[in-house]
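Working notes, beginning with the structure itself.
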Amino acid sequence: MKTALFVSMAAAVSLVMAQNEPRDAPFYWTQPQKFMSPYEKTGKMEQYGRTGVAAMHAVLLNEKTVLIIDKAEWNEAQFDSGQSAYSVQYDLETNDYRALPLETNTFCSAGGFLSNGTFISTGGGEKRGRTWKAESGWQSIRHFTPCTDNTCEWSEYKTGLMQNNRWYPTVEQLPEGDIIIVGGSTKGTAFNRDEINVPSYEFWPPRSGGEIHLPFLEETMPYNLYPFVFLLPDGNLFMFANNQSMIFDYHNNRVVKKLPDIPGTPRSYPLTSGAVMLPLDPANNYNVEILICGGSENRKNNAKADDTCGRINLGDENPQWEMDTFVHPRLMPDGVILADGTTLWVNGCQRGWAGYNNRNHDPTFDPIIYDQDKKLGNRWTTGLANTDIARMYHSVALTLPDGRVWIAGSNNVDPPDLLAEYPTEFRVEYFSPPYLFKGSVRPLISNVPKVVTYGEKFNILLNLGTLAEENPVMKVAILRTGFSTHSMHMSQRYVILNHKVSDDMQSIEIEAPPRATIFPPGSGFLYVLCNGVPAKAAELFVEKDINDLAI
Ligand SMILES: *[C@@H]1O[C@H](CO)[C@@H](O)[C@H](O)[C@H]1NC(C)=O
Ligand SMILES: *[C@@H]1O[C@H](CO)[C@@H](O)[C@H](O)[C@H]1NC(C)=O
Ligand SMILES: [Cu+2]
């Protein structure tokens with residue numbers, strides 16, 4: 001009886017399948033079985049955890065924690081004294097946070113890591129009273145050395161400050177292991193003005209010669225705050241502000257090459273767009289392409305956001321901006337490089353300009369993914385899992401070691417207001433890209449060293465499970481997620497690494513980046529991908545000398 005029923009069901013099913021698409025049936029396989037997830041096309045957006053403080057700035061400290069920095073203002077995280085915290089260490093495993101005391105105001109500041117592993121936060125804003133009691137932070141240099149045991153704290157000193165006030169400066173980590181700090185203004189402002197402009201750069205720790213004048217930051221007024229700065233493999237910097245860009249030699253304070261203006265609106269604060277240096281690949285000798293997306297047409301609360309992206313190939317003899325769609329109009333986007341080297345664009349809005357008080361409207365709820373290797377017209381993946389949380393001014397996003405993206409922030413009301421139309425936002429979201437749903441098996445890596453030196457070949461263990469039998473496509477890369485604030489991802493870079501899988505597929509030999517101009521010394525996350533599915537990354541420090549890492 002049972003058998004008969006089974007047979008007739010099977011017959012009915014095969015009849016249905018003959019008429020319809022056979023591959024939709026869960027128990028009919030013509031090919032080797034392929035895992036299918038409802039999230040394979042869309043990825044997944046999930047909300048859990050609260051940041052405690054408005055996430056104006058965020059940086060990954062290690063595999064487990066994110067350092068979040070707000071400015072001195074009311075926040076839901078408070079010390080026993082009743083004073084509001086404005087920095088926390090966020091735990092990615094427990095989704096809990098630990099409040100961190102700070103002495104100076106971190107309002108719209110910047111940051112980056114030194115080669116010895118210490119994080120440096122630069123600049124900030126005015127002295128603030130009331131419950132949060134903060135000294136002015138215009139010239140501040142704050143130290144935070146990461147730890148895994150929940151004991152690390154901020155250190156602030158009265159000496160060793162920057163030479164100038166810098167509000168809205170940009171930091172980039174350098175091959176020498178220090179940081180360059182570029183531009184800013186001497187005061188908080190809705191847009192830059194000549195009287196408060198700081199057209200110069202300096203280094204920390206300070207190099208001889210002090211603060212150095214940079215005419216580019218006069219030529220690009222008034223849209224030059226948080227200029228885009230990327231270290232290039234030839235040791236120069238790419239710099240972009242307003243609609244202008246150039247290649248700059250910071251060793252000799254010299255413009256190497258002026259590049260053409262990007263078409264369309266100015267792209268810098270407060271008409272804020274986003275910028276990414278696309279992945280660097282030894283296969284094309286680390287040729288550089290820069291992608292800049294979005295922005296706003298003017299400083300009106302009703303201004304239309306820009307819906308274009310420009311991409312420039314610095315390897316061309318005569319580089320030109322190739323324009324593409326940004327799918328939606330969007331200002332204040334966050335462009336984060338994912339584990340596979342594509343770029344996720346999230347956050348932002350479709351109307352207005354960057355700043356407080358009714359300037360941001362029509363939030364963009366849809367993430368999109370850019371694949372630079374596809375042909376123009378085919379580069380965007382849309383229809384991804386979206387959100388209903390508005391993330392506009394003062395939002396952040398970071399790719400995590402496990403391949404997900406951590407999304408937080410949005411605070412465009414001053415003072416913070418939980419009841420505003422677009423409230424001060426403390427909720428965290430995690431976006432899992434489609435690559436996490438492509439297979440039932442995820443590769444595993446182990447035995448990853450903590451520190452390697454430039455050009456060093458090192459072996460790690462690999463477990464591909466059943467993927468090993470299919471002659472898979474392997475890819476290895478190191479990602480520095482960078483310092484996320486105001487659509488900036490300072491020092492973000494993704495470098496593809498040469499590698500060789502052993503014959504038994506149980507290990508893989510990887511070549512560290514060849515030199516510091518390709519990957520400045522310090523931490524990154526090592527991703528090994530099999531058929532596009534990333535293993536959980538391990539933190540890897542790349543240093544000139546194995547003893548350079550102090551932690
Ligand atoms: C760049 O901006 C300047 C100043 O607003 C403008 O004159 C110039 O035409 C712009 N360039 C392009 C390509 O739009
Ligand atoms: C890293 O170097 C900086 C600058 O020399 C120094 O202030 C800091 O204490 C160092 N960090 C560690 C952990 O030694
Ligand atoms: Cu700001």
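As the structure lists them, so they are numbered: ligands from 1, and atoms in each ligand from 1.
Ring geometry for Tyr226 against His486 counts as tilted: the plane angle lies between 30° and 60°, on a 0 to 90° scale. Between His394 and Phe107, the angle of the ring planes goes over 60°, which puts this pair in the perpendicular group of the 30/60° scheme.
Looking at Asn116 next to ligand 2, an N or O pair under 3.5 Å apart turns up. For Thr145, no nitrogen or oxygen atom sits less than 3.5 Å from a nitrogen or oxygen atom of ligand 2, counting backbone and side chain alike.
Close contacts between ligand 2 and Thr118 involve ligand atoms 1 (C), 10 (C), 11 (N), 12 (C), 13 (C) [criterion: under 4.0 Å to a heavy atom]. Every atom of ligand 2 is numbered from 1 in the order shown, and the set under 4.0 Å from a heavy atom of Ala550 is 12 (C), 13 (C), 14 (O). For ligand 2, the atoms closer than 4.0 angstrom to any heavy atom of Leu114 are 2 (O), 3 (C), 4 (C). Heavy-atom proximity to His143, at under 4.0 Å, picks out these atoms of ligand 2: 7 (O).
Put simply, the angle at the Cu ion (ligand 3) from NE2 in His486 to SG in Cys108 is close to 100°, to the nearest 10°.
Under 3.5 Å, the side chains of Asn197 and Glu218 contain no donor-acceptor pair of N or O atoms. For the residue pair Tyr370 and Arg311, a side-chain donor N or O sits within less than 3.5 Å of a side-chain acceptor on the partner. There is a side-chain donor-acceptor pair under 3.5 Å between Arg166 and Ser200.
Put simply, Thr485 stays out of reach of the Cu ion (ligand 3), with no N, O or S atom under 2.8 Å from it. For the Cu ion (ligand 3), the N/O/S atoms of Met56 include none lying under 2.8 Å.
Taking the ring axis of Phe240 as reference, the NZ or CZ atom of Arg267 does not stay both within 45° of it and closer than 6.0 Å to the ring centre.
Between Tyr393 and Tyr422, the distance separating the two ring centers is not shorter than 6.0 angstrom. In this structure, Tyr201 has its ring center closer than 6.0 angstrom to the ring center of Phe248.
The Cu ion (ligand 3) sits nearest to atom NE2 when only the N, O or S atoms of His394 are considered.
Looking only at protein heavy atoms, the nearest one to atom 10 (C) of ligand 1 is Asn243 ND2, 2.6 Å. With hydrogens left out, the protein atom closest to atom 13 (C) of ligand 1 is Asp261 CB, 3.6 Å, a heavy atom.
Inside a 4.0 Å radius of atom 4 (C) of ligand 1 there is not any protein heavy atom.
Looking at every heavy atom in both residues, Ser140 comes nearest to Met162 through O-CE, 4.0 Å.
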